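Below: one structure, written as structure tokens.
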2 protein chains.
Amino acid sequence: MRYKVKELAKISGVSVRTLHWYDEIGLLKPAYIGANGYRYYEQEQLLLLQQILFFRELDFKLDDVQQMITSCDFDKIKTLLAHKSNLQLNQDRMSKLIQTIDKTVVHLKGNKMINEHELYEGFDLAKQKEYEQYLVKHHGTIAEDLIAQCNKRTVSWGSQEWKEIKEEGASILQGLSVYIEKGAGPRDEEVQHLIQQHYKMIGRFYDLTKDIYLSLAQLYCEHPGFRKFFEEHSQQLPEFMAEAMRVYIYKDL
Amino acid sequence: MRYKVKELAKISGVSVRTLHWYDEIGLLKPAYIGANGYRYYEQEQLLLLQQILFFRELDFKLDDVQQMITSCDFDKIKTLLAHKSNLQLNQDRMSKLIQTIDKTVVHLKGNKMINEHELYEGFDLAKQKEYEQYLVKHHGTIAEDLIAQCNKRTVSWGSQEWKEIKEEGASILQGLSVYIEKGAGPRDEEVQHLIQQHYKMIGRFYDLTKDIYLSLAQLYCEHPGFRKFFEEHSQQLPEFMAEAMRVYIYKDL
DNA sequence: CTTGACCCTCACGTAACGTAATTATTTATC
DNA sequence: GATAAATAATTACGTTACGTGAGGGTCAAG
């Protein structure tokens, strides 16, 4: 069995350019080159490529990958452990950065006395009733059960918990609108990560199923109250978010 | 007060080239340019530069830094939170990578049946007595106290704990020798991180002070048994590690 | 007036490809 | 067998945030 570039690219999930590049730097040479100048790869190269991709995924530089695949198991272990400690360093740095961001956000909020009401008015309890009626009208008894469950859970929440969940919600929506401005798509990884947070957050209100989450996506677009709330962050947020939610639900299939 | 490039570079801790670059991309223009073509910065630019460096440290791309310093607090918060979720994504990835590395290491070890004795013989209990006598001879009663403390603590350790600490120790030494091969210096961040791990590990045996740790550095170089053990990883490991240990102790001063 | 420290502007190198542009070859269809 | 579509090749520029010289002016001190 021999593969041409495109074929090997497809089964290994890399681009043709990557194979060209790996050839150029001597990381993965073709088994042989035809009289037409074409690169032909064999089973052996496929296996080697998989090794390469494995180490690449671990954030090794290609130079180091080169070393790895040619070194013995003992040296591999040494290098892996050294690399691990590097990753841990990075992790520590991330933690510190996140802390710094949190502090900065608090500082900025305190500085400008951002009006909580303005930021979070979507959680207004008065509007809650309206939403519930809408839900019942459009989704029947299932919605009633959810509302009951939601009420049962939230009565025990203190103002601290409400504040947390409000902040988290606002953070998610703000994040999404930033990505919209940047021209990101609903299936981009960063967006999906935010949607995952959203999914988990909603799960604190009631037991969430895929169907219910899809209904929510619909609700956010259709219900004027929700629409307005979302549109305050970004004009395209309702559709964008609904699409991202659908992607999130269907992506595992 | 006006600064020329080198002066601003020194007080802000960046390179001259960086200032040139920031000028070129319009991120930080000089206050004015002299007839000689020199860049002159004022207090205002210094403050701006500090802002820039703050966001740069948070791993923002310079494009985004540009946005940040020109946007209002509200938008800053949005962007910061979006960035935070990015960092969290990265953190998650790191965790997974580290797990994968651990699994791979276990797999490689199992595969090649690496001889534990060969890897960890430095922890041989028989040799322990020899070390202790050497310590007492060269460091007197302080060493005796340490040995007593060490014995008191370690009697309660099970084989699991011994194994853990052996693995950690081996991992550190292997990591160090990899860096030596790469031509790293004793004060490099990665090396210092490993030394920190080493410091903490030793701290599990007895209460560690700076003086004692410095004595250890000496011991590793002088005592033939230790030397031999370290030299099995790398010929230069004893001196390299001792120097790194001294750097670690003195770096806070 | 020289010397050294400093300034300037190119301009190439980095890592790992992405993205054309242009040309040649194979494959599929008629 | 001719033509078109797909795929191959090479070449080369773009990306990030600078590092590192090269070659050549400017300024303060001795």
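Proteins come first, then strands; the chains are lettered A, B, ... in the order of their sequence lines, and each starts at number 1. A quick note: this is a predicted structure, and the numbers were derived from the prediction, not measured.
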Roughly, in whole Å, what's the span from [atom1] in [X] to [atom2] in [N]?
{"X": "B:Leu19", "N": "C:dC7", "atom1": "CG", "atom2": "P", "result": "10 Å"}
{"X": "B:Arg2", "N": "C:dC7", "atom1": "CZ", "atom2": "C1'", "result": "13 Å"}
{"X": "B:Glu24", "N": "C:dC12", "atom1": "CD", "atom2": "P", "result": "14 Å"}
{"X": "A:Leu28", "N": "C:dA16", "atom1": "CG", "atom2": "P", "result": "15 Å"}
{"X": "A:Ile33", "N": "C:dT25", "atom1": "CD1", "atom2": "C1'", "result": "15 Å"}
{"X": "B:Asp23", "N": "C:dC8", "atom1": "CG", "atom2": "C1'", "result": "12 Å"}
{"X": "A:Asp59", "N": "C:dA15", "atom1": "CG", "atom2": "P", "result": "15 Å"}
{"X": "A:Arg39", "N": "C:dT25", "atom1": "CZ", "atom2": "C1'", "result": "14 Å"}

Taking for B:Asp63 and for A:Lys6 the nucleotide of DNA chain D with the nearest heavy atom, the one nearer the 5' end belongs to A:Lys6
Out of C:dC17, C:dT26, C:dC7, minimum distance to the side chain of B:Tyr38 belongs to C:dC7
Students often mix this up, so state it plainly: with edges at 30° and 60°, are the rings of B:Phe229 and B:His233 parallel, tilted or perpendicular? perpendicular
Using a heavy-atom cut-off of under 4.0 Å over every strand shown, decide if B:Val16 touches base, sugar-phosphate, or nothing. nothing
- Message: Over all strands shown, is A:Tyr40 touching base, sugar-phosphate only, or nothing at heavy-atom distances under 4.0 angstrom?
- Response: nothing
Under 3.5 Å donor-acceptor, [X] side chain and [Y] backbone:
{"X": "A:Gln174", "Y": "A:Ser171", "answer": "no"}
{"X": "B:Gln192", "Y": "B:Pro186", "answer": "yes"}
{"X": "A:Asp188", "Y": "A:Gly185", "answer": "yes"}
{"X": "B:Glu243", "Y": "B:Phe240", "answer": "no"}

Tell me if the CD atom of A:Glu57 is crowded by more than 12 foreign heavy atoms within 6.0 Å.
no
**Request:** Would you indicate whether A:Lys96, at its atom NZ, is surrounded by more than 12 heavy atoms from other residues, nucleotides or ligands within a distance under 6.0 Å?
**Result:** no
In terms of side-chain geometry, is the basic nitrogen of B:Asp64 or A:Lys182 positioned less than 4.0 Å from the acidic oxygen of its partner?
-> yes
- prompt: Does a side-chain heavy-atom distance below 4.5 Å link A:Leu62 with A:Phe55?
  reply: no
Counting only side-chain nitrogens and oxygens, does [X] get under 4.0 Å of the OP1 or OP2 atom of [N]?
{"X": "A:His20", "N": "C:dC17", "value": "no"}
{"X": "A:Thr18", "N": "C:dA16", "value": "no"}
{"X": "A:Asn36", "N": "C:dT26", "value": "yes"}

Polar pairs (N or O, both sides) under 3.5 Å between protein and nucleotides 19-23 of chain C?
{"unit_1": "C:dT19", "atom_1": "O4", "unit_2": "A:Arg17", "atom_2": "NE", "d": "3.1"}

Q.
We want to know whether A:Ser95 and B:Gln91 form a side-chain donor-acceptor pair, criterion being a heavy-atom distance below 3.5 angstrom.
A. yes
Under a 4.0 Å heavy-atom criterion, DNA chain D is touched by chain B from D:dA17 to D:dC27
